[in-house]
Every structure is written in structure tokens, then in C-alpha cells.
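In what follows, a single structure is set out as C-alpha cells and then discussed.
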Amino acid sequence: MRAKLVARATKATTPIISLTKAQLDDWKAGAEGAHVAWVERSRFSGRSGELCLLPTSEGGLHAVLLGLGEAFEPWPFASLQKGLPKGRYAISTELRPEEASEAALGFGLGAYVFDRYKKAKPPEVELVWPSGADRSWVERLVDAICLARDLVNTPAQDLGPIELAAAVQREGKAAGATVSVIEGAQLLRKNYPSVHAVGRAAAQAPRLVDLRWGKPAHPKLTIVGKGVCFDSGGLDIKPAGGMLMMKKDMGGAAIALGLAKAVMDAKLPVRLRLLIPAVENAISGNAFHPMDILSTRKGTTVEVGNTDAEGRLILSDALFEGATEKPELMIDFATLTGAARVALGTEVPVMFSNRDDVAEELLSASSRAKEPIWRLPLHQPYRRFLDSPNADISNTGSSRFGGAITAALFLEHFVEEVPWVHFDVMAYNLDNQPGRPSGGEAMALRAVYGYLSQRFGA
């Protein structure tokens with residue numbers, strides 16, 4: 001469901017005055033006494049997303065005060081969707097171009113509703129495009145984020161490996177990309193044995209989805225997403241509570257596809273490759289077992305310490321394939337470990353990288369986008385925890401500590417020397433916040449897109 005951003009104001013358009021807490025006293029100094037008294041009686045303090053509707057003497061709506069909290073960010077503008085009466089509004093505060101774009105982005109994401117199964121009321125609040133806003137940038141990111149959210153929110157009954165592959169094909173066709181799919185027994189013939197092993201027990205065959213876009217002469221950018229459409233845990237089966245949100249275990253693939261969509265829509269001068277191993281980690285007579293020793297595309301043998309650590313197995317084949325082309329940068333997104341959530345909670349994605357300069361630039365992009373990410377170390381001494389007496393490497397390791405790090409070290413083994421960034425994400429909002437409703441979330445997408453735009457922009 002799209003927000004109503006309109007081209008122009010009318011006589012009935014109501015102004016919105018956006019204020020940080022620090023700016024509120026300055027506004028009071030220049031405002032009408034009756035409005036100042038109303039604001040004080042309303043106990044409006046300028047906290048983020050707080051609204052104060054200023055009346056006219058006839059009982060109409062004169063203006064709206066919107067609190068921004070301590071500093072400017074997009075999310076207070078998302079509160080406008082549900083906090084205002086029906087009508088058309090325009091931001092009267094002077095904004096810098098980047099602030100105007102962020103305000104429109106926040107408003108746009110505030111209209112998001114997952115309405116595939118439950119009809120939702122259309123938005124009744126219209127906002128005039130803020131002066132100076134980059135409309136293409138706003139629409140591009142809203143579309144990319146909403147695509148990722150929709151995919152994560154769709155239950156596994158309607159989003160298995162077949163449907164996930166179809167979503168990539170749909171976006172690829174719209175952008176003029178080529179998309180190939182290797183599925184079922186073809187994965188063994190074409191040497192993607194780990195993808196096949198994890199997904200072979202499910203009703204829908206496992207597959208590797210491979211999208212290519214852009215001119216061959218441009219720098220190579222490879223994006224990889226974990227596409228476990230449902231994770232039962234396999235034979236190391238999860239308890240019921242642990243399975244409750246496992247439709248979101250393809251959240252990495254959803255974010256990867258959303259990011260690829262934004263890159264293609266912006267026509268960034270890159271040779272893009274998107275790799276999504278799409279599986280369901282199910283249980284049947286041919287499911288892979290704990291202590292099985294699996295082959296990988298690289299030739300490394302992996303001893304399975306736990307079938308519920310399946311995401312790193314399918315990523316091993318995709319990452320090694322991506323590395324064979326030696327891209328200038330490879331990025332993966334995965335709902336990989338509970339340890340990352342223990343370390344940073346559910347709202348801050350964990351980032352690992354084998355290149356300090358890339359990591360530092362991504363952290364700067366995160367700050368500019370006002371979207372938090374946090375780097376953890378690829379602490380090489382922990383690599384010993386992945387040693388196996390029977391295979392080249394274990395998929396779980398021997399220590400229950402530092403699980404996000406050991407998982408990242410496992411992936412690094414398959415990356416070779418390629419500049420690489422790994423995001424371990426929740427891909428889900430546990431509660432409702434303005435512009436970030438409970439459900440699927442495209443975590444880190446805005447920050448990474450900002451970085452790619454700056455690095456590869458025309």
C-alpha cells in the first residue's frame with residue numbers, strides 16, 4: 001500500500017511545523033500567544049513523533065506541530081499517517097534537500113501495511129512532496145524496502161523456494177536482467193552439494209537463483225542472500241516457540257533482492273550478480289543428519305554438528321561461486337545466528353568484513369542514513385573452534401561462546417580473498433514503531449544502498 005505523496009498544495013492544505021526539542025522555545029518566541037498557550041496546555045514537548053494540532057479560532061485546523069526529538073530523522077514523519085485527521089498537509093519548515101528526502105521516506109514507509117490476507121484501510125493523509133526532496137530516491141527505497149517486507153511477511157505456505165525464485169525472476173525481468181535457476185538434482189550435477197543436502201527433504205526442491213544485470217565492463221558487485229523459506233531445524237528440530245517466526249529465515253534473501261532492485265532501478269554502473277540459495281530445511285526420510293559429512297562447491301568437507309545451522313551451509317556454495325568471479329565487492333545478508341541478537345539485540349544488524357576500509361565507509365553510511373549497524377571482529381583465534389576430527393571444518397564448532405563470530409569465520413573460509421561484508425540480521429521488527437511495523441524488515445538496506453551509491457555512483 002503506497003503513501004499519498006502529491007505534487008502541490010491547495011487552499012485547504014494544512015502546514016506541518018517540524019521541531020526538535022531545542023527548536024521548540026524559538027518557535028514559541030515567535031508564535032501567537034493563543035497557540036503558545038494551547039501548546040503548553042497540551043504538554044507538547046517536541047519528543048519524536050509527538051503531534052500537536054493547533055486550532056483556528058473557528059475550531060478548524062490551523063497547523064500541526066511535529067516533534068522530532070533530539071535530532072532530525074525520518075521516523076517522526078511516519079507518525080503522520082496515523083496521527084492526523086484526513087486531509088492534505090505540507091511541511092512548512094525549511095529543510096535541507098537530504099532532510100526533505102528523509103521526511104518523504106519516513107512518510108512513505110509509515111503507510112506500509114501487509115495486506116495480502118487482511119484488507120487494510122487506504123491512507124487518508126496526503127503529504128505534498130517536501131521542497132528539495134529527491135523523488136526518485138524516495139520511491140526507489142520505499143519500493144525496495146516494501147518488497148523485502150512483503151516477502152518476509154508472507155507465510156511459508158505461499159513462499160517456498162519456487163515462489164522466492166519467481167520473485168527474483170519478476171524483479172529481474174522488470175529491470176532487464178537475466179535470471180537462471182538450478183534446481184533439484186541439477187544442483188548435484190553442477191556442484192552445489194550443500195544447497196542440495198539442506199533442501200532435499202522438502203516438498204519443493206532446493207534451488208540456486210542467479211541474477212545478472214549491467215554492463216560486463218563495469219565493476220563487479222555480488223550480493224548473496226540466505227533463502228531458507230522455513231526452518232524446522234531439520235532433524236535437530238526446533239521447539240514450537242523456536243519455529244514460530246521461521247518464515248522469516250529467508251529475510252537475508254529478501255533484503256538482498258530489495259537491495260538489488262534499488263541498484264538496478266538507480267542504474268548504478270555496476271555488473272551486478274545476485275545469488276540466492278532457496279531451500280526449506282524440512283524433515284523426511286532423506287533429510288541430512290547430525291554428524292553427516294557434506295561436500296561443498298569449494299571441495300571443503302563439512303561435519304554437521306547441528307542440522308539447525310543450515311544457513312551457513314547453503315551460503316558456503318553461493319559465496320564460493322560468487323568469489324570465483326573476483327568481484328570488487330561481495331555482500332551477504334543472512335538471519336544467521338541467535339548469538340548476534342544476544343550481542344546487539346534485535347534492532348541492530350551485526351556486520352563483519354575482511355576489509356577495514358569498506359567497514360569504516362559502511363559505518364559512515366549507516367550514520368548518514370540514520371540506520372544503525374555495528375561491526376564485530378573476525379577474531380581469527382576463534383577459528384580453532386571450527387576444527388573437526390573427521391572433516392575439514394565443522395558447521396557449529398566446539399564452543400557455545402562467540403557464535404556470531406564463529407559463523408562468520410565459517411563463511412569467510414569460502415570467500416577466498418574477495419573484499420566481503422557479511423550482515424547477520426534479525427530481518428523482523430518485534431514491536432510496532434512509526435514506519436517500522438511489527439513484521440518483516442529490510443535491515444541495513446538503506447545504509448548499504450547509500451554506501452553503494454557513493455562508491456559506484458555515476
Side-chain angles (χ1 to χ4, degrees), residues 148 151-168 181-184 187 192-209 223-239 242-258 274-284 287-288 290 294 296 302 304-319 332-341 349 395-396 403-404 407-408 410-411 414 422-428 440-443:
L151 289 171
V152 177
N153 286 330
T154 302
Q157 71 190 63
D158 290 325
L159 191 82
I162 292 172
E163 291 82 12
L164 182 55
V168 179
V181 180
I182 303 169
E183 63 181 271
L187 290 165
Y192 294 95
S194 286
V195 178
H196 182 270
V198 171
R200 70 191 182 205
Q204 289 192 16
R207 58 206 66 216
L208 181 78
V209 190
I223 303 172
V224 180
K226 173 189 168 185
V228 178
C229 296
F230 190 83
D231 182 18
S232 70
L235 290 174
D236 287 310
I237 190 168
K238 295 176 184 287
M243 274 194 251
L244 196 57
M245 289 197 300
M246 281 301 102
K247 68 176 185 178
K248 80 171 183 68
D249 212 20
M250 40 61 64
I255 297 169
L257 178 56
L274 172 69
L275 289 164
I276 293 180
V279 304
E280 179 179 345
N281 188 19
I283 299 172
S284 71
F288 74 118
L294 305 182
T296 65
V302 181
V304 178
N306 192 307
T307 61
D308 197 19
E310 82 299 330
R312 63 200 73 181
L313 294 172
I314 66 172
L315 288 172
S316 71
D317 282 353
L319 288 170
D332 80 74
F333 298 89
T335 52
L336 205 62
T337 68
R341 313 288 78 78
N395 78 323
T396 53
F410 179 93
L411 297 182
F414 298 92
H422 161 55
F423 286 97
D424 191 335
V425 297
M426 178 71 172
Y428 208 86
E441 187 56 273
M443 291 178 171

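We count residues from 1, following the sequence as given. Just so we're clear, the structure is a prediction, and the values are computed from it rather than from any experiment.
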To the nearest 0.5 Å, what is the distance between [atom1] on [X] and [atom2] on [Y]?
{"X": "Asp231", "Y": "Met245", "atom1": "CG", "atom2": "CE", "value": "12.5 Å"}
{"X": "Thr296", "Y": "Leu319", "atom1": "OG1", "atom2": "CG", "value": "11.5 Å"}
{"X": "Met250", "Y": "Glu280", "atom1": "CE", "atom2": "CD", "value": "12.5 Å"}
{"X": "Leu336", "Y": "Met426", "atom1": "CG", "atom2": "CE", "value": "14.0 Å"}
{"X": "Leu159", "Y": "Phe230", "atom1": "CG", "atom2": "CZ", "value": "12.5 Å"}
{"X": "Arg312", "Y": "Phe410", "atom1": "CZ", "atom2": "CZ", "value": "7.5 Å"}

Sequence neighbours excluded, which residues qualify as side-chain hydrogen bond (donor to acceptor under 3.5 Å, both in side chains) partners of Thr337?
Asp424
If the condition is side-chain hydrogen bond (donor to acceptor under 3.5 Å, both in side chains), which residues does Asp249 pass it with, not counting sequence neighbours?
Lys226, Thr335
Verdict with supporting geometry, Arg207 and Ile162, side chain to side chain contact (heavy atoms under 4.5 Å, CB included)
CA-CA 8 Å; Arg207 58 206 66 216; Ile162 292 172; 3.6 Å; yes
Atom of [X], atom of [Y] and distance for their closest heavy-atom approach:
{"X": "Gly225", "Y": "Pro277", "value": "O-CD, 3.2 Å"}
{"X": "Gly160", "Y": "Cys229", "value": "C-SG, 3.4 Å"}
{"X": "Glu163", "Y": "Asp158", "value": "CG-O, 3.3 Å"}
{"X": "Pro206", "Y": "Gly199", "value": "CD-O, 3.4 Å"}
{"X": "Ala148", "Y": "Ala254", "value": "CB-O, 3.5 Å"}
{"X": "Ala318", "Y": "Leu275", "value": "O-CD1, 3.5 Å"}

Could you tell me whether the side chain of [Y] reaches within less than 4.5 Å of the side chain of [X], counting heavy atoms only?
{"X": "Leu257", "Y": "Phe333", "answer": "no"}
{"X": "Ser232", "Y": "Met243", "answer": "yes"}
{"X": "Leu208", "Y": "Leu187", "answer": "yes"}

For Asp236, salt bridge (charged side-chain N to carboxylate O under 4.0 Å, His left out) partners two or more places apart:
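For Asp236, no residue satisfies salt bridge (charged side-chain N to carboxylate O under 4.0 Å, His left out) once neighbours in sequence are set aside.
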Please check: side-chain N/O of [X] versus main-chain N/O of [Y], any donor-acceptor pairing under 3.5 Å?
{"X": "Ser194", "Y": "Asp317", "value": "no"}
{"X": "Glu183", "Y": "Ala205", "value": "no"}
{"X": "Asn153", "Y": "Gly440", "value": "yes"}

For Asn395, run the side-chain contact (heavy atoms from CB on, under 4.5 Å) check against Asp308, Leu294, Leu313 and tell me which one passes.
Leu313
